[in-house]
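The structure appears below as structure tokens.
In the text below, chain A, chain B and the rest are named by the order of the sequence lines, each starting its count at 1. Being a predicted model, the structure only gives us computed values, none of them experimental.
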Amino acid sequence: MKEESCSTCPSKSACAGGCERSDAEMAEMYDLDADTTEGHMVWVELEHGEGVPKVSEVSLELLSKAKRFGDQRVIAVAFGRESVREIAPVLYSHGADTVYHVRNPSLIDFHLPTFAHGLTTVVERVRPNTLLMGATDLGMELAATVAWQLKVGLTADCTGLDIERGVLRMTRPTFGGNLMATIVSEGRPQMATVRPGAFPVEEIEEGRRGTLINWPIKMVEGTVAEQVSDVDVQDCASEPTELIISVGAGIGNLRNLELAKEAAERLGAELACSRSVVEKGWMEQTSQIGQTGRSVSPRVYLALGVSGAAQHQVGMSRSKNIIAVNNDPEANIHQIANVSIIGDVGEFLKRLLERLDRLDRANGASEA
Amino acid sequence: MRILLMVKQVPDTNTNLLDESKFSRKGPMVLNPQCEYALDAAAALKGDGRVVAFTMGPSKARHALFRCLELGADLAYHLCDSDFAGSDVWATANTLSKAIMEFEPEFDIILCGGHAADAETGLLPTMLAAALGIPVINRCRGIRYEGGSLIANRERNGIPSELIVPSKSLVSMIQGSNVHRLPSLKDLQDARAKQIKTLDRGSLGLRKDECGASGSFTKVDAVFAADHSREGIELVLDDTDTALDLVIDVFQGDER
Ligand SMILES: Cc1cc2nc3c(=O)[nH]c(=O)nc-3n(C[C@H](O)[C@H](O)[C@H](O)COP(=O)(O)OP(=O)(O)OC[C@H]3O[C@@H](n4cnc5c(N)ncnc54)[C@H](O)[C@@H]3O)c2cc1C
Ligand SMILES: Nc1ncnc2c1ncn2[C@@H]1O[C@H](COP(=O)(O)O)[C@@H](O)[C@H]1O
């Protein structure tokens, strides 16, 4: 590392000042050993159940994205026992050229100290240019620990990634989703966690081949919290919610809330809410969507009487279809909705339930 | 229980945050909402032990510490130095870990918020635990004593579980009780007698390139306003049939 530091940019390498630099110049400025790093590495998150583990969707998205960078080989790193070998073809078909199988007979559940050690050793061996993982609960913990150990930068929760001459430009929402920031990282690998769903899976090439490398490791001693019990696991291990009906203060009264509940039941949707509704004591905090609640990205998000405050949007703006019912045409929620219905929520619900009744009767009649 | 509490002051996200394409910290500031949960948990667990709050931030970040002292903390450290400006998560973890090792190495638990409402990386708790070499439990919705052990309710991958918190570990909270607790008159009076110690780079024995912007590996290159807006169809409810057909179609999987 060079001693000099520039006062206008955080680079540790000497820089000539006047930091208006192009990406290519930045590659030079930020990267102390660019010529010796090569490849895009993806940590593959697996869901271990009975039999062959399942590759998480976000890992496939990242392999696909890394392949589309198009400039360097793609390396997948998967942890687990023997059965992990069987998923290698899936990884190749999504873009991996090389699969590192990090293995140990006792390696089943996520064990942070061992995973961090294992991934760090592969990185030190391969020296990739980038290291990507899903911004999932496990991905975040692993990324933070590995970045600390490797002494490299880490950008969390990215929704945009671009690479130019080896420099990764990472774009992420910040300040409760109000702002976007583009971040570059000094040193290698350039690490990012990426939001699930940010990139599509494209160009699956069945039968594509690659190289599998065995990477045995020792379990690392290190305390982790011991589990006392699973609380109501059955209730929660369910599939992610595909359909959500969310009520805001505009729902107006408990009678309308009952109608919303009924509509949710009949459409097979989960009922959620804004913070205002929690503050009124009408629904539990566990149902709150937004910055201080849950983040969701269902196929359909029907917002009833929700104004669409920034803190609410940050939890739902990634929904595939957003339908908003709000009697104020100027409400923010209409800006982010694919379908905006300007009207009264109570009226809407009444008519929706009538319509569902009619459909049921029609179906009943045709089945009879 | 000797509890260390890591808190952050953040801009109120209700206000305008973009000022000539830069983050603006000129508007009103509040204690990070998820740090409120950690503060609440610290007060509830304290017993006859003590709570020590830490923050790294500019001089007005003291206000976040005042709130902690009013609501249960006994002592606070303010890590404040212009050399700390521009810290990314690595530099923040490095600086906070130095302060803890130097000034409060004897603790039973460290409590953090899960996410900060401004930079929102949610990485600091794990990285701080890595820096201190201690276990971490993230995504806690509650923490309590039971049968002589400390039990945390964690929700990870959507699955809740109860965990025994090992001694000397770090716990970050994504939920809790009472976000807007008001201090009583007595709390306010008591707080006045409590101390905030200011620590600068020199007192932590950090070199200039180990903290702040020059100790950071990431650099913000551009900031711009988020735009979530979509092309959409607008209907009035008077056109009931079209509106309801559309809604039911979308629910039943007819993409648009
Ligand atoms: C630090 C912080 C964190 C926060 N976190 C969250 C969070 O996680 N989640 C969250 O949701 N909020 C959060 N908030 C609060 C947020 O700023 C808003 O206050 C809240 O989302 C507003 O809820 P709402 O849309 O239900 O209510 P309102 O803003 O009151 O909106 C009600 C809407 O209903 C419409 N309406 C009224 N009557 C009718 C009718 N009869 N028919 C149709 N439409 C009608 C109105 O036009 C209006 O648009 C947070 C705030 C802060 C400061
Ligand atoms: N500058 C700081 N000083 C003290 N604690 C911090 C600081 N930054 C982050 N934290 C703690 O780390 C949590 C998560 O922050 P972040 O990783 O930035 O989203 C916060 O809720 C705080 O508990």
Just wondering, do [Y] and [X] contact through their side chains at under 4.5 Å, heavy atoms?
X: A:Met180; Y: B:Val223; result: no
X: B:Asp88; Y: A:Thr155; result: no
X: A:Arg355; Y: B:Val247; result: no
X: B:Lys219; Y: A:Ile183; result: no

Pair A:Leu356-B:Ile248, side-chain contact (heavy atoms from CB on, under 4.5 Å): steps then yes or no: CA-CA 9 Å; A:Leu356 290 172; B:Ile248 291 171; 4.1 Å; yes
Going through the checks in order, is the side-chain contact (heavy atoms from CB on, under 4.5 Å) test met by B:Thr121 and A:Arg172? CA-CA 10 Å; B:Thr121 72; A:Arg172 65 182 302 267; 4.3 Å; yes
Is [X] in contact with chain A via its backbone, its side chain, both, or neither, using a 4.5 Å heavy-atom distance?
X: B:Val165; value: neither
X: B:Leu128; value: neither
X: B:Arg139; value: side chain
X: B:Glu155; value: backbone

Measuring heavy-atom distances to chain B, does [X] have an atom under 4.5 Å in its side chain, in its backbone, in both, or in neither?
X: A:Glu45; result: side chain
X: A:Leu352; result: both
X: A:Thr171; result: side chain
X: A:Asn327; result: neither
X: A:Ala135; result: neither
X: A:Ala147; result: both
X: A:Ile333; result: neither
X: A:Leu112; result: side chain

A:Glu47, CD atom: more than 12 neighbouring heavy atoms under 6.0 Å: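 More than 12 within 6.0 Å, yes.
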Begin from the C-alpha positions of B:Phe224 and A:Thr182 and carry the test side-chain contact (heavy atoms from CB on, under 4.5 Å) through to its verdict. CA-CA 9 Å; B:Phe224 47 98; A:Thr182 299; 3.6 Å; yes
To the nearest 0.5 Å, what is the distance between [atom1] on [X] and [atom2] on [Y]?
X: B:Asn94; Y: A:Trp148; atom1: CG; atom2: CH2; value: 4.0 Å
X: A:Asn321; Y: B:Asp249; atom1: CG; atom2: CG; value: 11.0 Å
X: B:Thr126; Y: A:Glu141; atom1: OG1; atom2: CD; value: 5.0 Å
X: A:Met140; Y: B:Arg156; atom1: CE; atom2: CZ; value: 12.5 Å

Looking only at heavy atoms and a cut-off of under 4.5 Å, which of [options] has the most pairs with chain B?
options: A:Gln285, A:Glu347, A:His334; result: A:Gln285
options: A:Arg351, A:Gln335, A:Met191; result: A:Arg351
options: A:Thr193, A:Thr145, A:Ile322, A:Thr286; result: A:Ile322

Smallest separation among heavy atoms of [X] and [Y], with atom names:
X: B:Val89; Y: A:Leu154; value: CG1-O, 4.3 Å
X: A:Ala144; Y: B:Leu123; value: CB-O, 3.9 Å
X: B:Thr218; Y: A:Gly153; value: CG2-CA, 3.8 Å

For B:Asn157, does its backbone N or O pair with a side-chain atom of A:Asp137 as donor and acceptor, under 3.5 Å? yes
Treating A:Arg299 as the side-chain partner and B:Phe251 as the backbone partner, does any N or O pair qualify as donor plus acceptor under 3.5 Å?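 Yes, because the side chain of A:Arg299 sits within donor-acceptor range (under 3.5 Å) of the backbone of B:Phe251.
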In terms of heavy-atom pairs under 4.5 Å, which option from B:Val136, B:Leu124, B:Asn138 contacts chain A the most? B:Asn138
